[in-house]
Every structure is written in structure tokens, then in C-alpha cells.
Protein chains: 2
Amino acid sequence: MKVTLVEVAERAGVSLGSASRAMNDQGASEAMVERVRTAAVELGYRPDASGRSLRMKQTKQIAFAVADIGNPVYVEMLSAIHETVSPAGYRVVVMQTGQTAHSTAELVRTMSAGIIDAMILSPLRLDDELLAALTSAPMPIVVIGRPLPEHGIDSVSTDSAVAIGMAVDHLIDIGRTHIGFINGPLDTTPGAARQRGFVSAAQQRLASEASPIEIADDFTVAAGLIAANTLLTRAQESGTPINAIVAANDLLAIGVIRAAKNLGLRVPEDLAVTGVDNTEIGGLFQPSITSVSLGSTERAHVAAQIVLERIAPDAGHGGEVRQAHIGPTLVARESTGAADPMLTSLNTTPRQSDGTPQ
Amino acid sequence: MKVTLVEVAERAGVSLGSASRAMNDQGASEAMVERVRTAAVELGYRPDASGRSLRMKQTKQIAFAVADIGNPVYVEMLSAIHETVSPAGYRVVVMQTGQTAHSTAELVRTMSAGIIDAMILSPLRLDDELLAALTSAPMPIVVIGRPLPEHGIDSVSTDSAVAIGMAVDHLIDIGRTHIGFINGPLDTTPGAARQRGFVSAAQQRLASEASPIEIADDFTVAAGLIAANTLLTRAQESGTPINAIVAANDLLAIGVIRAAKNLGLRVPEDLAVTGVDNTEIGGLFQPSITSVSLGSTERAHVAAQIVLERIAPDAGHGGEVRQAHIGPTLVARESTGAADPMLTSLNTTPRQSDGTPQ
DNA sequence: TTGAAAGCGATACCAA
DNA sequence: TTGGTATCGCTTTCAA
């Protein structure tokens, strides 16, 4: 049933070692390669990866671990990682960390050699337990999120506090000064950073009574809809209505736009809305959503590059801590009154999936 | 650096075999388990998966292979597969098949033991080469797409020709009789099936001159926008304007709605639009998109179940060919004038991602 | 219940 | 360049 290299060697009438070399083009005569390859084809030989992994001490697999692959940002990151590591012969394994720092630490601890060669991790929450798991991990791990050089952990970061500030600036630029904020849970890394960003920007440039904040249960459309409904209703009743909302990510922003519609508010005329992440879905939404890009695909790409360098036999774990930073950039779209970039962007952003199941 | 079970055994003062048994709770005294576990923790032992895989002849990994993970349908399928196989201790590896049947066959052929235990495949195109690769594969493979029982291949299918017919019926029900069709490439399995479905429905229930068809370059928003623009413009010029469009999937439908807006057409008042796949993004779009569900998550779930049964030591490859079928269902939304199901659906469909990177 | 040893399938070393 | 053999880390059989 199962054909091993031993049988191929026997059939070709050569030694096991020669068969291995012939299959891998490692110093074998042409005649030898010919004989062995022929025998392999005749027998339908397929190399067994676990035997090879055991000996070579590498699996050619890289894990991408996130809280929930359902978020489009992660899908875009996954594609970027895929494209980066595939040419080097690596496969990508998607893993779910779960919501908590503990479950993430658990995942990191159970990842052993023989499954993956390295991991790219984008944790939602971070605590000492997880940091400890990361530093004691037996393989290269690159964190996408906030910078962690002081812990000796490779990271590719952005500054989402600054990102929120850019959104506020943009709204002020278009004449909106009553700006609300819809954030996700404050005990998450992105939630905390974005909260700082908004509070800081509001203090410097807005009147606090005109800057209400509402915390959604999580970073989802549904939670954003509920939170925005609460915030908008409350603002109207309090007599200081708002004319703009900054959402902590694009999914929340979609919820905000839905809530606005339910309340009879027009976007962007009555309410300007901004998101964060610059996801594809945000750009395709109607109205298309002005969003601050955190360079997700670039960060994923860089993280994948770092991983490949760490894996490389010579580079090894020895080098110094790698840290890359990618600054946010704002992309103005219809939800803040900018011209519809749909038609033009279609020509410049081919990134959209192919294929569909039957 | 790396701790093996041998070292754990030495530290615990027991034999290698006992250490193995203790770690796996396979007939070891409590005292033994205690000693070995303690030593393992002290040394920071992590089992090496390739050693185990080599011996056990299983990797606890299942591949999910698709043309492009960027399509939201595949993401939903991935989540369903993940949820189904995780409890059984299996990880999911995402693999890209590429666009062609040949590249897919290539992938199937290079998948050997030691990497994955089974594969769930949703191929865009299917030919004899791929069928041959599937039948001669050394591991269980379940195809999500069209039924393939005559080739002895497990499959979970739907009927997307019927799905298109349902969309046409729905449009006729709401009084639209001038219906265009935006399809994807006809040499794909879904493209061919949906073409049959529309042509058949149009012949039976519509005037052919009122049923123009346009083929988009692929199943994407961008291609849908271009194709819809062509079709709508042509229909207007020919003097037989249409008042509805059936799109072959939700991504194309989004493109159609964008094209309609660019031409000053209101959806659904001037143009009703339907999609296929019932993706989350379609339901969240504005207007929300009426779509025919092909039961993607259910099919993925069933495929994963079949795979688990095939993998199970007793079931084995021996059983007869498994074939499941899930019929399409139409979900009416705003794009065909139905009431906005957004608020109510939010309570019943919690499926939306959590988390966002910093 | 425990210990000793065989063996999974591949690569890589050392002689020839 | 080729053959013979040790070895990767683990599970599992066979005796004790």
C-alpha cells in the first residue's frame, strides 16, 4: 500500500542513501537520478513528511494565530503571509487563539517542534503569562501588534492611538467638531490604545461635552450597531447632538452606519463616520468608509519576512530582537464626504478573491 | 536546548517506555505519572510532533484547499470546518489550489502522508487529470462542490442551477420580468451550473430578448462592476431596459449594485438584485443583498464530519462512497425590496468576528 | 506495572 | 559518486 524509499531503492537496485540523494538532487549521477526517479514513479512513491521532519528538524509549516479568522483584517493578513512564505516552500497553518490571553498562552505552550517551524501571532489581549510563554517558546515567534522589544520578542507594530488622532483631525478638517467615539473592549490591546488616542485628541482639539464615548462589547458589526444606537440617542436627548463618529475599526463603523440609517440620519451629510483597518469590505461598502489603514498587509508581509529570516539556518535565533514599525495612513472615502474612489481604486487594488464554490 | 523524552525519563529515573506511558496516561501507576510529569515540567519538556507522527502515522492535521481564501464563502467554510474538527484534536491547514484544474491536481499529488491526514477540497475547475489525482490519493479527500459518486469520491454537493432558478422565481414574484444575468467564467464548475440554471429558467419563464447575459472575468466585485455596467448600458441602448439582475454570487452582486449606482439607478426601485452564497458581507451591505444560500457552512460542516469518520481507525477507507446533498434556500433582503432583516438577524446570527489587531 | 528493544521513514555521515 | 549505517523522538510490543 504505502511505498517507502527503501522499496524504491530496491526496485532501482541501489542503496537507500543513493535513492535519497537522487530524489533530492544532492550529488548523484544522472544515470542514478534516472533510475531512481523511474522506480519512484512506477511504484507511486510519495515521500513521507514526518520521517523527513524528524530528521531535518523542520516541518516547512508556519502558524498564523489569531483570535478569530472571521475578521477580514486577519484574512488579508493571512493572504499576505501566504504570498510571502509560499515561494520559500512553507505552508501556513491557521490557528485560533481564543479570546483570552490565557488561551493564547496555552496555544503557544502546546506548540512544539514537529508541528510548525515558527509562528506569527496577533494577540487581542496580552498579559505576563502570555509574555512568559512567548519568551520561553522553542521556536521563532513574531508578534503583530504592539512593540515588545523590551521582552526580547520580535514584533511588527503600528500606532493605533495615532491612527485615531488622524481620524479626528480628518473630521475636524471637514468641519465636524462634535465627534463621538465607538470603541471595543478596553482590556484589549487595540481597545486600550485607541481609547488613549481618542481621549488625547479630544482633550487637545475638542470640547469634552461634545465627545461622547461608547464601548461596544466587541469589535463587531452587531456590537457597533448597538453601541452607536445608544450613543446617538443619548447625544440627541442631551441636547448636544454629534455630527461625526470615529469607530475603532471598520466592522464597528459598518454597525454605526446601519444605526444611523435606522435613526434616519444620512451618512455623511448628517453624520460623518470613520473606521480603522482600511479593510476591503469597508472600501466596498455603501457609502464607502473612510478608514485609517494600519498597514495590515504590509505588517503581515514584514512579519513573514522576519520569520523566514529567523528560520534560515545561518540567521538562527541568535540575532538581536527584530522590530518593525509601520505608520497609519488615512484613506478618505464617501462616509466623510470624499469623492467615491470606487472606480479608480478598482484599477489599483486587484486584491479581491477569485472563485466561488459551486 | 531541546528536551526529549529520554532526558525526562533519565531525570525521573525510569525507562523511556514508562515515561511515554506516563505522559499519555496509558497504563502507568499514579506514582509513575507523578514522577514523570514532575520531571517533564522541571525540564520544560515538549513532545516532538514529528517523532510521534512518524510512529503513529497520523499528523492530526486536515487540509482545506481552495482557489483563494479571500472569498468570504471560503472563510465561512473554514470556520465551520475548524469548529467541527477542533474538538477531535485536529488542526486545519489552509492551502491554495490556484485557479486551474492542473494546479489543483498538482497540489493533491504532492500531498503526502506526514503532512495531513485528510483533505477537504473545493475546486473551481475539474477535469480528468484532477479526478485521477483524487482517486489515487493516499488519504481521504472530500470534495465540496458537485456530486462525484461515480468516481468513488466523497462529496458534499448543492445544486446551484436550481439556486439560480429560485432567484429568477423570486424576481418574477415581485413583478420583475426583464431580468439580466451576470455570471462568472463558464469553464468553472459553478459558472457552468449557474449558466444552465439561468438559461433554463429564462426559457421557461421569460422572453429571451428580455434576458441578457454578461460573463464577468471572474467571481469578484471588480469584474461584476464592469460586466454589469456593460449589460445595463447595452440594455438601455437596445430599447429593452431591464429591471432586475441575477448575479452568480454575492461578490458579483455587490459590483452590480455599485454599477447601478454609478448609472443613477436605485436598488431595488429601478433595479432589483440577487446574489448567491448568502455571505455575511452580503447581508450587511447597504442595501442588504437578497441571496440564495448554498448552505456553505452546513456543507463544510458535513464534509468535516465525513473526513473525521474516514480518519477514524475502524471506519477506514473501506466504506462505501459518502455523498451528501444540501439544497439551496433563498433569503430575501433589501436589494429586492424585502424588509430590512438587519436588526432581527443581528440577534439570531452572532457569527461575526471578534477581535482586531492593534 | 515496568524495562528493554524494535522500528516508523527519511537524511547524513563515513568509508570505499 | 556510491553503499552501509547511525540517528532523529516517539510509541508499542514483548518479557519480566
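Each chain gets a letter, A, B and so on, in the order the sequences are listed, and its residues count up from 1.
Between the base of C:dG9 and the side chain of A:R46 there is no donor-acceptor pair shorter than 3.5 Å. On a pure distance criterion of 3.5 Å, no polar donor-acceptor pair joins the side chain of A:R55 and the base of D:dG9.
Between A:S50 and A:Q26, the residue anchored nearer the 5' end of DNA chain C, judged by the nucleotide with its closest heavy atom, is A:S50. Residue-to-nucleotide proximity on DNA chain D shows that, of A:E30 and B:G51, the 5′-proximal contact is made by A:E30. Between B:S18 and A:L5, the residue whose closest nucleotide on DNA chain C is further toward the 5' end is B:S18.
OP1 or OP2 of D:dT11 sits under 4.0 Å from a side-chain N or O of B:S20. At D:dG9, one or more side-chain N or O atoms of A:K57 fall inside 4.0 Å of OP1 or OP2 (strictly under the cut-off). Side-chain nitrogen and oxygen atoms of B:S29 include at least one within less than 4.0 Å of the OP1 or OP2 phosphate oxygen of C:dT2. Not one side-chain nitrogen or oxygen of B:R52 sits closer than 4.0 Å to the OP1 or OP2 atom of D:dG9.
Distance, A:N24 CG to D:dT1 P: 16 Å, rounded to whole Å. Rounding to whole angstrom units, CE of residue A:M32 and C1' of D:dT2 are separated by 6 Å. Protein atom CG of A:L54 is 9 Å distant from nucleotide atom P of D:dC8, rounded to whole Å. Regarding A:E34, its CD atom lies at a distance of 13 Å from the P atom of D:dT2, rounded to whole Å. When the P atom of C:dG9 is taken as reference, atom CG of A:L43 falls 14 Å away, rounded to whole Å. What separates CZ of B:R21 from P of C:dG3 is a distance of 8 Å, to the nearest Å. When rounded to the nearest whole Å, the span between CG of A:L16 and C1' of C:dT11 equals 9 Å. Rounded to an integer number of Å, the gap from CZ of A:R35 to C1' of D:dT1 is 13 Å.
Side-chain N or O atoms of B:R125 include one that pairs as donor or acceptor with a backbone N or O of B:Q99 at under 3.5 Å. A donor-acceptor pair is defined here as one N or O able to donate and one able to accept, closer than 3.5 Å; no such pair exists between the side chain of A:R91 and the backbone of B:M95. Within the 3.5 Å criterion, the main-chain N or O of B:P47 finds a donor-acceptor partner in the side chain of A:S112. No donor-acceptor pair under 3.5 Å is formed between the side chain of B:S20 and the backbone N or O of B:L16.
Residues B:D117 and B:R310 are not paired through a salt bridge, judged by the lack of any N-O separation under 4.0 Å between the basic side chain and the carboxylate.
Distances from the side chain of B:M56 to the nucleotides C:dA12, D:dT11, C:dA10 place D:dT11 closest.
Residue contacts for A:A113: at a heavy-atom cut-off of 4.0 Å it reaches no nucleic acid atom on any strand shown.
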